[in-house]
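Data first, discussion second: the structure below is written as structure tokens.
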Protein chains: 2
Amino acid sequence: MAMNQQGGTAPDVAEVTGVPTEVDALSAVAGLLHALSDPNRLAILEHLALGEHRVVDLTAHLGLAQSTVSKHLACLRDCGLVVSRPSGRASMISLAQPELTHAVLAATVRLLDVTSGPCGAA
Amino acid sequence: MAMNQQGGTAPDVAEVTGVPTEVDALSAVAGLLHALSDPNRLAILEHLALGEHRVVDLTAHLGLAQSTVSKHLACLRDCGLVVSRPSGRASMISLAQPELTHAVLAATVRLLDVTSGPCGAA
DNA sequence: CTGATTCATCGCCATATGACGATGTAATCA
DNA sequence: TGATTACATCGTCATATGGCGATGAATCAG
């Protein structure tokens with residue numbers, strides 16, 4: 001049973017990693033990551049990093065149908081990644097947690113830089 | 001609509017956020033995040049955080065079919081998240097980038113903690 | 001009031017994905 | 001040698017997902 005490599009007194013995975021182990025918690029994390037695992041949604045988040053934007057602006061920027069963008073925004077809103085502030089007949093969309101969201105993406109870029117680098121590049 | 005980015009004087013989204021803006025780069029990031037957006041794959045990564053494991057061990061741990069686990073591992077291997085070291089007739093699987101991978105998950109947990117908290121909890 | 005704009009939602013469709021069992025290959029054991 | 005174990009791959013199926021257009025509600029312009 002070579003399973004306590006962390007030394008100490010039988011460390012729990014969650015305590016070592018700081019990431020939950022239960023299925024529910026993992027599903028929650030996976031759900032949030034799933035919301036981030038779409039290029040168009042990432043483009044939306046990036047665009048929102050510059051400030052508030054209307055849906056129609058995001059639609060024009062992405063070159064997608066308005067319904068598609070609206071659905072993506074609903075996804076991001078469900079995950080609490082963006083918030084919408086009604087302004088007249090428009091909706092001003094903005095990042096709910098700019099710094100934390102950026103932290104996840106930055107960490108992912110760093111990881112991507114290492115994982116994809118040694119495989120194909122020098 | 002203020003969209004002067006690539007000028008060199010005005011700040012580019014990528015420079016502000018540190019996250020690429022091109023579709024290819026976004027797709028790459030999205031692909032990596034997609035690999036992380038599955039509860040079972042997250043469970044695999046967490047389990048591997050404790051050290052090397054055989055496929056059959058992961059299979060027993062997850063309670064999934066061997067083919068399913070193998071496919072998940074293939075996904076993770078394609079993304080460069082895990083590496084496999086042949087050992088006899090078994091394959092020892094381990095994290096390729098434990099710290100960077102953990103950094104992404106930790107940042108996601110932090111984000112989840114904020115996004116899911118204020119919505120339903122106090 | 002009438003028309004235009006903005007956004008959310010619904011229905012639909014093509015594709016992607018996760019699950020499984022079955023099969024093939026390589027390595028270990030009797 | 002033959003049998004068993006460990007793993008990867010293939011084929012299949014049910015479901016999820018992203019895309020679009022159409023529709024409806026709300027707001028603003030005239």
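In what follows, every chain begins at residue 1, and chains take the letters A, B, ... in the order their sequences are listed.
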Nearest whole Å is fine: how far is [N] [atom2] from [X] [atom1]?
| X | N | atom1 | atom2 | result |
| --- | --- | --- | --- | --- |
| A/D78 | D/dG18 | CG | P | 12 Å |
| B/L76 | D/dC7 | CG | P | 15 Å |
| B/L64 | C/dG21 | CG | P | 11 Å |
| B/H72 | D/dT9 | NE2 | P | 15 Å |
| B/L62 | C/dA19 | CG | C1' | 13 Å |
| B/L42 | C/dG18 | CG | C1' | 14 Å |
| B/L26 | D/dG18 | CG | P | 15 Å |
| B/D38 | C/dA16 | CG | P | 18 Å |

By side chain to side chain donor-acceptor pair (under 3.5 Å) - contacts of A/E52 (at least two apart): A/R85

With ring pair (Phe, Tyr, Trp, His ring centres under 6.0 Å) as the rule and sequence neighbours excluded, what pairs involving residues 59-99 of chain B come up? B/H47-B/H61

Applying side-chain contact (heavy atoms from CB on, under 4.5 Å), name anything that partners [X], two or more places apart in sequence or on another chain.
| X | value |
| --- | --- |
| B/A60 | none |
| A/A30 | B/P39, B/L42 |
| B/S67 | B/A65 |
| B/A96 | B/V83 |

On DNA chain D, does the nearest nucleotide to A/S87 precede the nearest nucleotide to A/N40 from the 5' side, or the other way round? Give the residue. A/N40

In degrees, rounded to 10°, what is the bend between the two ends of the helix from C/dC1-D/dG30 to C/dA30-D/dT1, using five pairs at each? 20°

Restricting both atoms to N or O, compile the protein contacts to nucleotides 5-10 of chain C shorter than 3.5 Å, with distance only.
{"unit_1": "C/dT5", "atom_1": "O4'", "unit_2": "A/R89", "atom_2": "NH1", "d": "3.2"}
{"unit_1": "C/dC7", "atom_1": "OP1", "unit_2": "A/V55", "atom_2": "N", "d": "3.0"}
{"unit_1": "C/dC7", "atom_1": "OP1", "unit_2": "A/S91", "atom_2": "N", "d": "3.3"}
{"unit_1": "C/dC7", "atom_1": "OP2", "unit_2": "A/V56", "atom_2": "N", "d": "2.6"}
{"unit_1": "C/dA8", "atom_1": "OP1", "unit_2": "A/R77", "atom_2": "NH2", "d": "2.9"}
{"unit_1": "C/dA8", "atom_1": "OP2", "unit_2": "A/S70", "atom_2": "OG", "d": "2.9"}
{"unit_1": "C/dA8", "atom_1": "N7", "unit_2": "A/Q66", "atom_2": "NE2", "d": "2.8"}
{"unit_1": "C/dA8", "atom_1": "N6", "unit_2": "A/Q66", "atom_2": "OE1", "d": "3.1"}

For B/H34, all residues meeting ring-ring contact (aromatic ring centres under 6.0 Å, His included), sequence neighbours excluded: none

Please check if the side chain of A/T68 supplies one atom and the backbone of A/L64 the other of a donor-acceptor pair under 3.5 Å. no

If only atom types and distance count, is the side chain of A/S70 paired as donor or acceptor with the main-chain N or O of A/Q66 below 3.5 Å? no

Check whether any side-chain N or O of A/H34 sits under 4.0 Å from OP1 or OP2 of C/dT17, and answer yes or no. no

